[in-house]
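Chain identifiers are assigned alphabetically (A, B, ...) following the order of the sequence lines, protein sequences preceding nucleic acid strands; residue numbering begins at 1 within each chain.
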2 protein chains.
Amino acid sequence: MDDSSCSEYLPETHEILSSWCHNLQEVNCQLPLIPTNSCYFPTWSQEFSASRSHSEAEKRRRDRINAQLSTLRKLIPTSEKMDKAGLLRSVVEHVKDLKERAKEMSTVLNTPSDIDEVIIEEEDESSNNNNILVKVSFSCDDRPELFSELNRGLKNLKLTTIEANITSLGGRIKCIFSLQSINVVCTTHSLKHSLRVLLARIATSPSTPNFRIKSKRQRFFLLAT
Amino acid sequence: MDDSSCSEYLPETHEILSSWCHNLQEVNCQLPLIPTNSCYFPTWSQEFSASRSHSEAEKRRRDRINAQLSTLRKLIPTSEKMDKAGLLRSVVEHVKDLKERAKEMSTVLNTPSDIDEVIIEEEDESSNNNNILVKVSFSCDDRPELFSELNRGLKNLKLTTIEANITSLGGRIKCIFSLQSINVVCTTHSLKHSLRVLLARIATSPSTPNFRIKSKRQRFFLLAT
DNA sequence: TTACACACGTGATGC
DNA sequence: TGCATCACGTGTGTA
């Protein structure tokens, strides 16, 4: 459509129309206003042209937004056939998840610390019954016999491994265990003491002489925020 | 505003208005159409009410989308004072970056993959003497009994663990072993076969019924290419 | 003034 | 039908 199709649009009719539209705001009848202090037709033309460029600009804006949305849709699996709000909700979830994961990664990566450490803490629910639940964080030099020694020691203490997270990096190893001791006569205190002794012994046990760590990775790369 | 405020809106005026609006589509004058085969006022009321609920629903939709957008804005640093398209572009960048980082991390960290896998390869020097050296990469669902089963199985195969790297994350576990079999009569081929059978059995062994992974994340993020 | 960004109400369309 | 989503053109505020 070009401007000439507006040539029959007379001032009177515009006034009538505007007046009606103004009185009936609920109809949301949107007419470009006609300035009263300038000649009529050029102004209408200008208004119309402005309106068109406005709508075109708005379309470009919408297209920019939708382009990013469809990019996001490709990045997030299982987001096909989701509406915009749903897609964005998934995006929020995934960003949160990725951030948490990255944080956890750096925690895990931090893990094999350079100094031997043994941290033992009881879980909250440990005092409720005769089951003792402890969480153990344990760092030392890595070596082949470590696992069998750990298994043997934990077995001797009648401890069951509920959960284990073991990371070995650069010749160091960090183990995080959730251990459970069921129906034992010893106290939590004595159990923790025995555990501490066991782990200290394992940590300071001499390494196999001919054991050489194969892959010494650059740890700083992993620790960047 | 209630419907009574429309009481002066006469059919004639609506016709005139509709006619004008139809002839001047470029004005985008949007009136609810009046069906010709029903009484006038109720229909107008109904149309108006429908129109109002429509616009209200649309507002709710916009609000839902904008709520997610502002959540995203909080999640993405330096996205204040960005327009919607810019914000979404940052989100896309951020997600891509985080995914790449996670992928990198999982490569470096040997993060467990979502599919069970068993990769067995001989080390180069294995053919030189009667010692067989194999490197095993093994991924499966994590569970408490895994370690003891692995130890038992490897012991039965007369395999010594030279090096072990074990990572558990999100309910999955990945083990990388360097295993040595000294002075055995079996061939490398049969050893690898036995090993593969063992690991496949362990990987598909049913999990302890009451064992629940603590954090069940949407893991596909780490695996997306 | 121009240019841009956002919210709004509406028609179209799919279930 | 009614209810949901989307694209559209417009009014409005801001720089």
So A/Thr160 and A/Leu154, side-chain contact (heavy atoms from CB on, under 4.5 Å) or not? Walk me through it. CA-CA 7 Å; A/Thr160 308; A/Leu154 295 178; over 6 Å; no

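Side-chain proximity of B/Ser55 to the nucleotides C/dG9, D/dT10, D/dA7 is greatest for C/dG9.
Each of A/Asn66 and B/Ser53 has a nearest nucleotide on DNA chain D; the 5'-most of these lies closest to B/Ser53. Where A/Arg60 and B/Lys84 meet DNA chain C, the nucleotide closest to each residue was compared, and A/Arg60 sits on the side nearer the 5' end.
Residue A/Ile65 contributes atom CD1, which lies 13 Å from atom P of D/dC6 at whole-angstrom precision. Between the CG atom of B/Leu88 and the P atom of C/dA5 there is a distance of 13 Å, given to the nearest Å. In this entry the distance linking CZ of A/Arg64 with C1' of C/dA5 reads 9 Å, nearest Å. If you take NZ of A/Lys59 and P of C/dC4, they are 17 Å apart, rounded to a whole angstrom. Across the protein-nucleic acid pair, A/Asp63 atom CG and D/dC6 atom C1' stand 13 Å apart, rounded to whole Å. Distance, A/Arg62 CZ to D/dC8 P: 5 Å, rounded to whole Å.
For B/Ser55, the side chain to side chain contact (heavy atoms under 4.5 Å, CB included) criterion is met by no residue, not counting sequence neighbours. Checked against side chain to side chain donor-acceptor pair (under 3.5 Å), B/Asn66 has the following partners two or more places apart in sequence or in another chain: B/Lys84.
The base of C/dC6 lies close enough to the side chain of A/Glu58 for a donor and an acceptor atom to sit less than 3.5 Å apart.
For the OP1/OP2 pair of C/dG9 and a distance below 4.0 Å, the side-chain nitrogens and oxygens of B/Arg52 include no atom meeting the criterion. Taking side-chain N and O atoms only, A/Arg61 has no distance below 4.0 Å to OP1 or OP2 of C/dC4.
Looking at A/Glu58 and A/Arg61, a side-chain N of the basic residue comes within less than 4.0 Å of a carboxylate O on the acidic one, giving a salt bridge.
Between A/Leu88 and the options B/Thr71, B/Val91, B/Leu69, a side-chain contact (heavy atoms from CB on, under 4.5 Å) holds for only B/Leu69.
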Shorter than 3.5 Å, N or O on both sides, protein versus nucleotides 12-14 of chain C: list them out with atom names.
none

